[in-house]
Amino acid sequence: MRYQLAKLISQRAAFGGYSRSLFHSQNVAFSNSNSLAEDAIKLDYNNSHIASLPSITSKSLLDSRQVLGKGTSFVDSCSLIIQGGKGGDGEITFDKIPPRTVGPPSGGNGGRGGDVYVVASKNVTSLNQVKKVYAVQGGQNGKSKRQHGANGANTIIYVPVGTIIRQVPLPEYKEFTPSIYEDAEMNALSKYYKFRRNYIPQKDRIKMLWDRVEVRKNSGIMMEIDLIKDGQKHLVFRGGQGGFGNPHFQTPLIAGPGIAGRGEVVPPVKLELELKTLADVGLVGLPNAGKSTLLKAVSNAHPKIAPYPFTTLNPYIGTIDFPDFWTMTIADMPGIISGAHQNQGLGLRFLRHIERNKIFVYVIDLASPNPWDDLKILQDELESYKVGLTLRPSIVAANKADVSDIAKENLMILREKTSMPIVPISAKYDKNVTTLTSLMRTLVTNITEEPNQSI
């Protein structure tokens, strides 16, 4: 038995080690062609172990993917429903003081239901962590000896800076109230109060209870919140009030009330979240124009760079640090093609991120046959998406200026075609990027100093 156990442990250890080698070899194979034969041997060895240990294969493979940090998809719009958060019920109890069997009322109040807050965080870049349904914790019921119920725990939803929250109307919420009493009025009253068994209040006391009912008023105004600052916090769902214990209903005429309040039931809330990336500078360009290379050259971001179109599938945001400790954010947007405003290419999904940037930097490939036509396509698409968007302060970053003599000729023609400032650069070799970032800073500073400037 001990021998079999030791053998199983050694097999699991060997499999775990080779599973990491398997994924490592798959990553290295693309960059080091000389190791393909060795990787193939490791792969075959792993397949033999996978066949012999089916019970741990899936878990080991999953762990290996997690170690490698396999990314999740970028989400910039979603909806969620918040429900629950009911207040705790009050308690109906009485102290027992000898020789009397029933003393003064001592029921505790119910606790409040939990609230839900939405907080903007610069450490969150996508809405992929937002759940579809949030069940908020309710308040606990009151107990005897005036012990009040605990409040429900609050829920905090972290979203990226630049998230817009809109409330969506839901069908009218109707709470089910069971028919406990033969009298219709008592059944209606039992929605807000609970009574001791076999207790029927008198008519004057029923009127008193109706006067004390507090119904949450609905203004009918749907909330709309724009989270534009890091740490900005908003309440989007308020939990229900807890019900009062029976001491709250004690009066000179009612020495031992058999009445307690029920916790408030809160109707569910539906919210739609839309992310519009906030940055000082937005890089706009056709696919494969060098936007990601420029972002990597001037900031601390590390976007994916490859020699094929649509390498960037979601916005990347980096920070430019200047020697005087002044910082500026810059966003790399997915490539725009002709017809993007009609949802072609990556379409409208990412055009929304462009409109929240303070200035635009049009990244143009000088080595293309007609770079001025590329600039016109970009401006036409932005203007078609939102009128007046091209009036925002802009710079033309004439990339790949060192490729060939045709780049120099195109640069001269491009200067004649536009009045925007043009900065020739080579993002790949970090040439003249300092001049570009200095001009970016000047434009951003000018906008920041103008209080009436709207984005």
Side-chain angles (χ1 to χ4, degrees), residues 161-162 164 226 228-229 275-286 289-295 297-299 301 312 315-324 326-336 340-341 350-366 371-399 401 410-411 413-425 427 432-455:
V161 177
I164 299 175
D226 194 358
I228 60 175
K229 294 182 180 180
L275 172 60
K276 293 185 178 181
T277 303
L278 279 173
D280 295 321
V281 181
L283 300 180
V284 184
L286 297 179
K291 302 183 300 298
S292 298
T293 305
L294 177 58
L295 178 68
V298 301
S299 72
T312 302
Y316 281 89
I317 299 180
T319 303
I320 304 176
D321 298 317
F322 289 87
D324 59 350
W326 195 83
T327 60
M328 179 172 62
T329 54
I330 180 171
D332 174 21
M333 301 297 170
I336 298 175
H341 71 282
F350 294 111
L351 278 175
R352 69 165 69 100
H353 296 279
I354 294 175
E355 63 176 295
R356 305 271 287 210
N357 301 318
K358 294 181 180 178
I359 70 171
F360 296 146
V361 174
Y362 296 97
V363 182
I364 302 299
D365 183 3
L366 278 182
W372 44 89
D373 291 338
D374 297 344
L375 178 60
K376 185 177 185 304
I377 290 175
L378 295 175
Q379 290 186 306
D380 289 345
E381 290 302 319
L382 294 186
E383 194 67 20
S384 298
Y385 172 71
K386 185 176 181 180
V387 177
L389 206 56
T390 55
L391 300 178
R392 198 162 297 177
S394 304
I395 307 171
V396 176
N399 193 26
N410 288 340
L411 178 61
I413 299 175
L414 184 62
R415 292 186 188 276
E416 298 175 356
K417 297 282 187 179
T418 180
S419 59
M420 288 186 293
I422 301 175
V423 181
I425 63 169
N432 210 31
V433 294
T434 304
T435 303
L436 178 62
T437 55
S438 298
L439 184 56
M440 290 180 192
R441 176 175 178 174
T442 301
L443 294 181
V444 171
T445 303
N446 292 340
I447 293 177
T448 305
E449 292 176 352
E450 297 178 6
N452 295 327
Q453 182 71 29
S454 60
I455 301 299

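We number each residue from 1, following the sequence as shown.
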Residues that Asp226 engages under side chain to side chain donor-acceptor pair (under 3.5 Å), provided they are two or more places apart: Arg356

Who passes side-chain contact (heavy atoms from CB on, under 4.5 Å) against Thr390, sequence neighbours left out? Tyr362, Gln379, Leu382, Glu383

For residues Phe360 and Ile354, report the shortest heavy-atom separation together with the two atoms involved. CE2-O, 3.2 Å

Arg392 side chain to Asn357 main-chain N or O, any donor-acceptor pair under 3.5 Å? yes

d(Asn410 CG, Ile364 CD1) to nearest 0.5 Å is 11.5 Å

Can you tell me how far the CE atom of Met440 sits from the CG atom of Leu283, to the nearest 0.5 Å? 6.0 Å

Could you work out, with salt bridge (charged side-chain N to carboxylate O under 4.0 Å, His left out) as the rule, every residue matching Asp374, not counting sequence neighbours? none

With rounding to the nearest 0.5 angstrom, report the CG to CH2 distance, Leu411 to Trp372. 10.5 Å

All side chain to side chain donor-acceptor pair (under 3.5 Å) counterparts of Thr435, not counting sequence neighbours: Asn432

Please identify each residue that fulfils side-chain contact (heavy atoms from CB on, under 4.5 Å) with Asp373, with sequence neighbours left out. Asn370

Side chain to side chain donor-acceptor pair (under 3.5 Å) with Thr329: which residues, sequence neighbours excluded? Asp280

Rounded distance (nearest 0.5 Å) linking atom NZ of Lys291 with atom CD1 of Ile330: 12.0 Å

Could you pull out all residues at least two apart from Lys376 that satisfy side chain to side chain donor-acceptor pair (under 3.5 Å)? Asp380

